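Any value given below was found using the heavy atoms of this structure, including those in side chains, with hydrogens, waters and symmetry copies removed. This is a predicted model, so every value here is computed, not measured. In what follows, chains are A, B, ... by sequence order, proteins preceding strands, each numbered from 1.
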Amino acid sequence: MRIEVRFFAGLRERLGVAEREVSVPDDTSIRQLWSLVVPEEPLPDNVLAARNMEYVDLSSIPCDGDEIAFFPPVTGGAG
Amino acid sequence: MRIEVRFFAGLRERLGVAEREVSVPDDTSIRQLWSLVVPEEPLPDNVLAARNMEYVDLSSIPCDGDEIAFFPPVTGGAG
Amino acid sequence: MTVRILDAGFDPWALLSDYQRAGAPPEGAYGATAVFVGTMRDFNEDQNVQSLFLEHYPGMTEAWLEKISVAATERWNLLDSLIVHRVGELHPGEPIVLVAVWSAHRKAAFEASRFLMEELKSKAPLWKKEQREDGARWVEHNTPG
Amino acid sequence: MTVRILDAGFDPWALLSDYQRAGAPPEGAYGATAVFVGTMRDFNEDQNVQSLFLEHYPGMTEAWLEKISVAATERWNLLDSLIVHRVGELHPGEPIVLVAVWSAHRKAAFEASRFLMEELKSKAPLWKKEQREDGARWVEHNTPG
């Protein structure tokens with residue numbers, strides 16, 4: 001299946017990639033997806049993931065055509 | 001001693017008096033002051049009193065020249 | 001720390017804009033601003049209210065609002081506070097009260113603004129008289145927040 | 001119920017004034033408006049911050065803010081809500097976030113505005129990079145409110 005993978009903020013900068021379309025075996029979990037896309041880097045402990053712009057568990061399995069985003073803890077707002 | 005007595009809001013309207021300077025015996029408490037100024041009307045249960053613009057207990061005793069105000073429960077603000 | 005009693009209508013947002021532009025509180029120092037605006041509704045306890053008359057105790061009302069501002073400033077280490085309250089005749093949709101506080105962090109701002117409104121409603125010497133279809137009457141007590 | 005992501009500076013008070021003047025929420029229906037504005041401070045954890053870059057996830061950020069707006073509206077029976085968040089480069093004194101809610105009574109407004117800020121800070125996909133004297137660094141986590 002084909003997955004659109006996106007990275008944000010510090011993760012995007014460190015990995016040097018904002019988005020990449022990849023082809024992975026069916027039944028690839030989001031955790032496994034990371035290892036396939038960024039084999040040189042272990043999955044950070046505090047990483048967050050979203051599937052089609054909704055928070056998702058790392059153990060869940062995306063569908064063909066999904067957009068999967070990885071990002072660090074959020075730091076929006078103020079005060 | 002001379003006391004400036006003031007009434008506000010519903011109390012002012014009902015009694016038909018906003019302020020009145022009275023002369024009362026020394027050691028007159030605020031509760032007794034009411035009876036001297038408004039003998040025809042019992043002191044309302046929920047009445048509040050202020051001495052020189054600060055909340056005060058009805059049992060306290062004012063000094064010569066004090067301003068004593070009586071008013072109903074407050075209803076300011078909104079929401 | 002500012003307290004104002006106004007006998008004419010006011011726009012809370014224009015007032016806040018002017019207040020901040022005048023440099024109080026100092027820019028860059030505060031991270032959190034919490035504002036509450038209480039507005040006259042056109043109903044109360046399921047009855048239509050056509051207008052409202054607000055009476056105050058000149059001198060004591062300001063003193064009470066200053067007293068609670070000092071208490072909030074000390075308790076939450078506020079950088080600034082502003083309380084504005086209308087008196088006189090009001091109509092539905094008009095702002096009655098504005099409370100604003102500025103602090104470094106949001107927890108203080110949220111808690112202090114709520115504290116000020118509760119202290120204002122429970123003890124500031126202000127009284128409302130409602131004009132309804134069936135006549136005028138003094139509001140007897142405030143509802144708890 | 002409105003959510004806006006802005007990539008240029010905004011005046012929270014002018015924005016609120018325009019929003020209310022445009023008739024949302026309906027005048028006379030609401031008695032309580034609670035507003036929170038988060039502003040960029042010139043310090044964080046005792047270090048000077050010269051500027052800030054705010055990144056978001058276009059689409060997901062808006063979706064999350066709409067989701068929490070719906071949750072707050074249902075839970076507190078709000079009459080309206082408005083969330084505005086800056087992205088891009090900011091300097092000290094500039095507003096970062098505005099949250100405003102309108103309700104019949106103040107309890108709902110106080111609670112809902114605080115809820116929205118906590119939900120926004122803990123889960124809205126937004127990230128800050130601080131430019132300090134000693135270089136730039138991504139902020140690692142938000143402090144609890």
Side-chain angles (χ1 to χ4, degrees), chain A residues 1-22 28-31 33-34 37-38 40-79, chain D residues 5 12 35-42 44 49 52-68 83-87 90 92-99 113-114 116-130 136-145:
Chain A
M1 58 183 176
R2 297 198 64 82
I3 302 288
E4 177 76 20
V5 184
R6 305 185 65 174
F7 302 95
F8 288 92
L11 217 48
R12 173 181 55 69
E13 273 193 357
R14 190 149 50 86
L15 302 175
V17 53
E19 47 190 297
R20 180 178 296 167
E21 201 183 306
V22 295
T28 300
S29 73
I30 290 178
R31 188 184 299 277
L33 176 68
W34 173 282
V37 179
V38 207
E40 70 282 9
E41 181 100 5
L43 186 71
D45 278 348
N46 58 7
V47 76
L48 298 168
R51 177 185 166 200
N52 299 331
M53 303 193 179
E54 291 196 6
Y55 280 104
V56 73
D57 197 85
L58 293 170
S59 61
S60 71
I61 293 170
C63 299
D64 183 54
D66 277 356
E67 171 173 307
I68 303 298
F70 293 100
F71 46 80
V74 304
T75 56
Chain D
I5 301 294
V35 175
F36 179 85
V37 179
T39 305
M40 187 188 162
R41 283 177 292 138
D42 51 17
N44 190 19
V49 182
L52 207 57
F53 176 77
L54 258 153
E55 179 169 330
H56 77 307
Y57 183 171
M60 182 172 172
T61 310
E62 294 87 337
W64 178 261
L65 297 178
E66 280 159 16
K67 183 191 176 93
I68 63 179
I83 302 180
V84 179
H85 206 291
R86 263 301 298 281
V87 294
L90 285 98
E94 283 193 74
I96 298 174
V97 60
L98 162 67
V99 164
S113 63
R114 195 165 183 179
L116 287 174
M117 272 307 297
E118 299 313 317
E119 291 294 300
L120 184 156
K121 287 204 78 157
S122 65
K123 295 198 84 178
L126 288 151
W127 303 273
K128 282 196 195 85
K129 191 179 191 177
E130 291 179 349
R137 53 142 227 173
W138 290 94
V139 178
E140 286 180 9
H141 51 77
N142 267 336
T143 48

| query | With a 4.0 Å cut-off, would you call A/Glu54 and D/Lys67 a salt bridge? | reply | no
| task | Check the surroundings of atom NZ in D/Lys129: do more than 12 heavy atoms from other residues, nucleotides or ligands lie under 6.0 Å from it? | result | yes
| query | Does A/Tyr55 use its side chain to pair, donor to acceptor, with the backbone of D/Lys123 at less than 3.5 Å? | reply | yes
| query | Closest heavy-atom contact between D/Val139 and A/Thr75? | reply | O-CG2, 3.5 Å
| Given A/Phe71 and D/Met60, is the side-chain contact (heavy atoms from CB on, under 4.5 Å) satisfied, shown in steps? | CA-CA 12 Å; A/Phe71 46 80; D/Met60 182 172 172; 4.1 Å; yes
| A/Arg20 atom CZ, over 12 foreign heavy atoms within 6.0 Å | no
| said: Checking the side chain of D/Trp127 only, and the main-chain atoms of A/Pro72 only, is there a donor and an acceptor separated by less than 3.5 Å? | reply: yes
| note | Nearest heavy-atom approach of A/Gly76 to D/Asn142 is O-ND2, 3.0 Å
| query | If you tally heavy-atom pairs under 4.5 Å against chain A, which of D/Trp138, D/Trp64, D/Phe53 wins? | reply | D/Trp138
| Does atom CD of D/Glu140 have more than 12 heavy-atom neighbours from other groups under 6.0 Å away? | no
| Just by modelled atom types, is the A/Gly77 backbone N or O under 3.5 Å from a matching donor or acceptor in the D/Lys121 side chain? | no
| Taking every non-hydrogen atom, the tightest pair across A/Gly79 and D/Phe36 | CA-CZ, 4.4 Å
| said: So for D/Ser122, is it side chain, backbone, both, or neither that comes closer than 4.5 Å to the heavy atoms of chain A? | reply: backbone
